[in-house]
Each structure stands twice: as C-alpha cells, then as structure tokens.
Amino acid sequence: MFNKNRRTNDMSGYNTITPEIIDQIKGVVAPNRVYTGEDINEDFSHDEMSIYGKRMPDAVVSPISTEEVAAVMKIAYDNNIVVTPRGAGTGLVGACVPIYGGIVMDMTKMNKIEGYDLDNFVVQVQPGVLLNDLAEDCVKQGLMYPPDPGEKFATLGGNVSTNAGGMRAVKYGATRDYVRAMTVVLPTGEVVKFGSTVSKTSSGYSLLNLMIGAEGTLGIITDLTLKVIPAPKEVISLVIPFETLDDCIATVPKFKFNHLDPQALEFMEKAIVQASERYIGRSVYPQVIDGVEAGAYLLVTFDGNSKEELDDVIEQASDIVFDNGAIDVLVADTPTKIKDAWAARSSFLEAIKAETNWKDGLELLDECDVVVPLNQIAPYVKYVYEVGEELGLRIESFGHAGDGNLHIYTIGDDKISVEEFEKKADEFFSKIYPKATEVGGLVSGEHAIGAGKLKYLAESVGQKQMDLMVGIKRVFDPKMILNPGKVCYKL
Amino acid sequence: MEILVLIKQVPDDSVEVTVNPSTGAPDLAEITPVVNAFDTYALEMAARFKEANGGTVTVASIGGDEVDTGLRNCLSVGADKAYLIKDDSFKDADSTAKAYILSQAIPKIEEANGAKFDMIFTGLEATDYAGGLTGPQMAEDLGLGCVTSVIAVDPADNGVTIKQETESGYNVVEAATPVVLTVTKPDYDPRYPTMKTKRAARKMTIARVEGLDLDAAKTAPATKVVKQYAPPKRQAGVKLTGDDINEITMKAIGMMADAKAI
C-alpha cells in the first residue's frame, strides 16, 4: 500500500495545471509567492514519513489572506485542479503530500497571532502560526494553550486538521477541545465561518467539529479562534523508574482513583530512553537504582496554584507509585530540571530517526499511533514486540499512558531493501491494527489517517462508516479536488 | 575528606529577567530563588567525591531564613549537613565583605562539625551578578590556596589533583589541602532529588551560625553601585539593495573594512 501512488497522476480525471492557469493564479496572489518547476523546494514532496510516498506538486502557492486562498481555490475548482493544503509538513501519515500533483497551498505565511480576547479567554490566530510561537506568546500573557503535541514546530492549522493530542491531553483534552471557531475556504472557493467564541452550542450539526481532524479534505482553514486558559502557577515533574513495563502501566489508573489529576502521564521503555539520551547527550533517567535495573519509566507532570499544593500532590503520588512497585521517584522541581526531564521524551522521534537507514531516498521507518483502553496497554505492547520479533523487525514504542495512545515505530536495518521493508511493515501492521481493534482500540490517537493509514481505518471501522465519510466529503467537495487520496476517499 | 560547599540563592536564571525602566534595576520580585547553578555543580562534584572516597559534605550560605529552602534542597542532593550564616547586618555585604564574613564563619562551622575542612568549594561565580570574587577573596582571608574553574578533583598522595579549565584547554594542578576550589560546569549534570532524599532532608536541621565577632569596617561594602541600566538596544543594520550581487557584496565588504570589522 505504501508507494503505489508515488509517481502516478493517471486515471484520476483531474486536469493538469497549465501556464495559463499559473497566470490566473499570479493574478490573484503576488507572483513571487507562486512557485513552479525548479523553484519548488523538494520539502513540498513529502512530510516526516517519506515511506508513504513522495510527489512533487506542479505549483506551490503561499497565500497571505483568506481572500487569496479563496481566489486560488476558485481557479482550481473551475479548472478541476487538485489542491493539497499544507502546514509545516511535520505530519506522520502523508496527509499533506500532493499524491496527485496539482497545487500545494502552503499556509505557513499566514502566521500572525491576531489578538487575545481576555473576557472570553480566546485567541485569534492565522493557521500558519507555529504551536511553539503561540505557546510562548501565551506564557507572556499569563495564559496557557493546553494542547501540547510533541512536535512544537507544527502549525496550528495542521494541529487542528489532525486533532493533535500531545502530552497534556490526559488532563486538558486534545486540540478539538480548544477550537471555538474558524474561517474556512470551501473547495468551491466560497468562504464560511464555523462556530463562535461561545463555550457551548446546540445549534445543528457541528461543521466545526467535522473540520477538526479532516486533514484538509473538506476545506482550508484560514483563521482560528482558540480557547486559552489562565496558566497554572506551578508545575512539577516526576521521573519514576519501574522494574517492568507491566508494573509501570498498572500504576496509571491508580492516580485517578486517588483523585490525582496529572497534566501529563507518559510511559517509556528503557531502550528508547537510552537511545534518546544518547541523541541529546544528557543523562537524567537512572538505569540502576540500589542494584535494581529500571525496565520502564513513567514521566508525570502535575500543575497547581502553589508549591505547597504540589508538595502534597507529589507526596500522595509517591505513596501510590511506591505501593505499586516504583523503584524510586526523581523530582524535577525547577524549570531547568523539568526541561531536562522532558528533553529525552520530546526527542524520541528525532532519536529514532537518527538511527534509521535510508534507501532510494526513502527512510526505512514506519509507525502507528493506535489508541487502546488503558488496561490493554501492557498486553498490547507485549503483543506488538512479539510480532516484531517474529518478523525480525526492530520495534520501538512509547506513549501517552494516561490516555492509552501508543506510538509504535518499526525500523528497517541497512541490509533490507525498500520493497522488503514495506512488505514486512505491511505484514506487521496487518497484525497489530486488527489486534488494536479487537481489544477495543482505534487506528489513530493523534497522528491521523492521511494516505498511510486509510486501508487500516477502512478495516477497522468497516465499509458503511467509510461510505458515510466519503458522502460527507462529496457534500463539501463535489469535484473531489481537495486533498484526494486521504482519510476516506481513494481514487 | 571533609568538604564544605558554599552556596548562594539567586533568581532563577532560566527565567527571562526584565529591567524596571524607572529604577534601571532588574525586576526580581516575581522570580523564584534557586541555588546558583555553579554552586549546584560544586555540590554535585563534592557529593561524587564523597561517594568515591568517603567523607562528609557540609553546605553553608550567608542570608536570611529564606535561604533555608535552598539549603534544604542541597540536603536532598548529596549534602549531609547545612549551616545558615545569619545576621541582619550582612544584607548589603558585597563580595569582599562576604568573603571576610565566610572566613570568620568557617572556623565556627568546623568547631560545630568537630573537624577541619580539607576542601572548600564555591561556584565559579553566581549567576546574578557574576563577579566571581568571593571564592578567591575568601581563600586570601583564610590564608589558603585557591584553584579556579575546576571541572574535576581526585585524591592524591599529599592532597588533591585538580583539573582546571582554561581558555585553551586544561591544566592539571596538584594542591595540598586545605584548599579553596571554585567550580565550573563539569561534563555531568547535578542529580535530581528523589522523594526518599527529600523526605529525609525535610527532617534534618539547618543549624545557625550567629553572633560572629566581626570587624565592622570589613563587613561594610567595599564597593558601591552607582547606577543600573539596561544595555542600549542594538541599532538596526544597513540594508544594501541592488541588482548586481557582486557589486553589493563588494560594497558590504568595503563598509566592513571601513568600520575595521574585517
């Protein structure tokens, strides 16, 4: 399934972009923001997961306003040209890759934080603002934008389009919970506004929520109103080593039972922690404590309004984890120590990528981010490693212990060819996705479907649900020109 | 060996500090005090030395009761004992005065501990005013040798072997004890406190060193802050535009040569 669309643009029924169409586009967007041919950066042909296929677009347009997006979209609609919206290209499922060519709508120049409404606790942003930039700006205002996906240099438009989750989802929820309103350019070029700054609604179908997680297949987001909250005054993180992953995971529900509400709750196994610490050149996670070797770790962050409140919380949390087999509890109680404790976790993907092999311009790396019920995390992870071993594939995993969202990576060694790797990875995923569904899980917790996971989504939810999704897409996009080949609609 | 680590509580340097426009002084009221980073390296070095070679690590600081927090944190990351050298008259003391006060307090701490210190560690400098004077001046007041910018220390036959960082590399220095060492960033980070060490530290007493017999002339600051102000903002650069890239480049090189920048 991986690369069959890599070089094809045939059979699609879409029109090819012509010099005349480029001229029309240059009539509505400044010519120096319209790129063709060799002026297009190679980056626009892929996202972070090149294994799902690469394809150069025929044109890249970098609009700076809703009006420009609408005008370009209208030209594309009139001429039956495919358009693929793109943020920072940090996705992991090929959602922003123009697998049928056409125009890439590069949203990164629409990157202004337009202003805060502190009476209603919302911020208005353009979709190309980077998560990192909003997070830092919020801190200056005494606010917090709670969604905290690992990739801080993704755009907010991309975050909304994938309903990105992240570390703080266990307490604060995913991106969906923070989107109040948006301006959208429909595939026809019409402009609509979904939602409003209000905090509740019972006003018909939520088209706003349909757009969230739609991966740019229903419309192009050109403006966002996001909910923010007053920043917690104090935070503290704990690094908790356990002898086994089973002990580590079994501890997770105990926090909630005891009325503790961590802001973040991550599990990680020894091998990936060591790889990440090698990568960042820093050693925080103890490997042997009082003669006992750590096999897995929990990384927990609590927030609160005072140091005293948090001191009580970490006392209670420590009692719980010691009762459940923790070997020790390391306390990160200064901004520097918290940053260092999280640095290893935040660098997992980069650490994995630093040790992967490339063949024929493709990285031999594939991943899945299934979400499973909390009590299934440990047995599921065990199953995944067994399948990996059976197939002779290197597997690395980590995840959000608090919400059952796992990130499982399969990595090809230098001996394997691209075809062999794809075959083995396909075999691997053909076993672990159905297993996730079987234990009550879903295909993706936060990375979304894109082109890479479409087949597994179909297998997981069944034909009827896929038909419903395609039907919805057709209502928004009668000519099916906006980001085809993704989520539910395959040519 | 008996090791004393002197610490100072400073505003957290991982937080952005702004200058109050009306006073010119940094706005520090809202910034959490933490143990000076260089002092945490010194404590970690002392704790590792103790773990490898035996001994005791004592921490001490000059200040008010608020410094108990920092000292207690030290007790959870390798220190065995803590002393607070306290007197209201120390509030305005500068580096020279603090060096003198420490030189007078250390014998009292030794008396309370029942042993003389073999090594006295300080951070290379404090991250607040970055003077780097207290350690060397205190060594002078105590009549002891002093090695600065230390990144490693090991026992030797007649004292210790010290690795000192220099601008061009390292010096390896042998010193007789007692000796004063000012410590810079080694190739490891300070350890994290654990709940077990924090709980143990909470039960420990931070002893007071009070009522020192001091020469008032020497506790008065030897320096005076005349004015505090933010550095001037950098001027915007010059933008050169034109069609011929070679011409523009030559013009830029000419301007840099005129300014004696190249």
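First the proteins, then the strands, lettered A, B, ... as listed; each starts at 1.
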message: Using the rule given for salt bridge (charged side-chain N to carboxylate O under 4.0 Å, His left out), can you reason through D333(A) versus K198(B), listing the C-alpha separation, both sets of side-chain angles and the distance that settles it, and then say yes or no?
response: CA-CA 11 Å; D333(A) 52 1; K198(B) 272 178 97 76; 3.2 Å; yes
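Smallest separation of non-hydrogen atoms from I327(A) and K196(B): O-NZ, 3.2 Å.
Looking only at side-chain heavy atoms (C-beta outward), P193(B) and L330(A) stay at 4.5 Å or farther from each other. Taking 4.5 Å as the limit, some side-chain heavy atom of D328(A) sits within range of a side-chain heavy atom of T194(B).
For the side chain to side chain contact (heavy atoms under 4.5 Å, CB included) test with Y192(B), the passing option among L238(A), V284(A), V331(A) is V284(A); the others fail.
Counting only residues at least two apart or in different chains, side-chain hydrogen bond (donor to acceptor under 3.5 Å, both in side chains) contacts with residues 51-67 of chain B comprise E2(B)-T56(B), E51(B)-R191(B), T58(B)-N113(B), D65(B)-K86(B), D65(B)-R208(B).
A salt bridge links R199(B) to D319(A): at least one charged side-chain nitrogen sits closer than 4.0 Å to a carboxylate oxygen.
Within residues 32-44 of chain B, the residues approaching chain A closer than 4.5 Å by heavy atoms are, in numerical order, T32(B), V34(B).
The environment of OH in Y170(B) is sparse: at most 12 heavy-atom neighbours from other residues, nucleotides or ligands sit within 6.0 Å.
When the side-chain contact (heavy atoms from CB on, under 4.5 Å) test is applied to E42(A), the partners found at least two apart in sequence or on another chain are S45(A), H46(A), K54(A). Judged as a side-chain hydrogen bond (donor to acceptor under 3.5 Å, both in side chains), and not counting sequence neighbours, K109(A) has no contacts.
Atoms CG and OG1, from N73(B) and T334(A) in turn, are 9.0 Å apart once rounded to the nearest 0.5 Å.
For K339(A), no part lies near chain B; criterion is any non-hydrogen pair under 4.5 Å.
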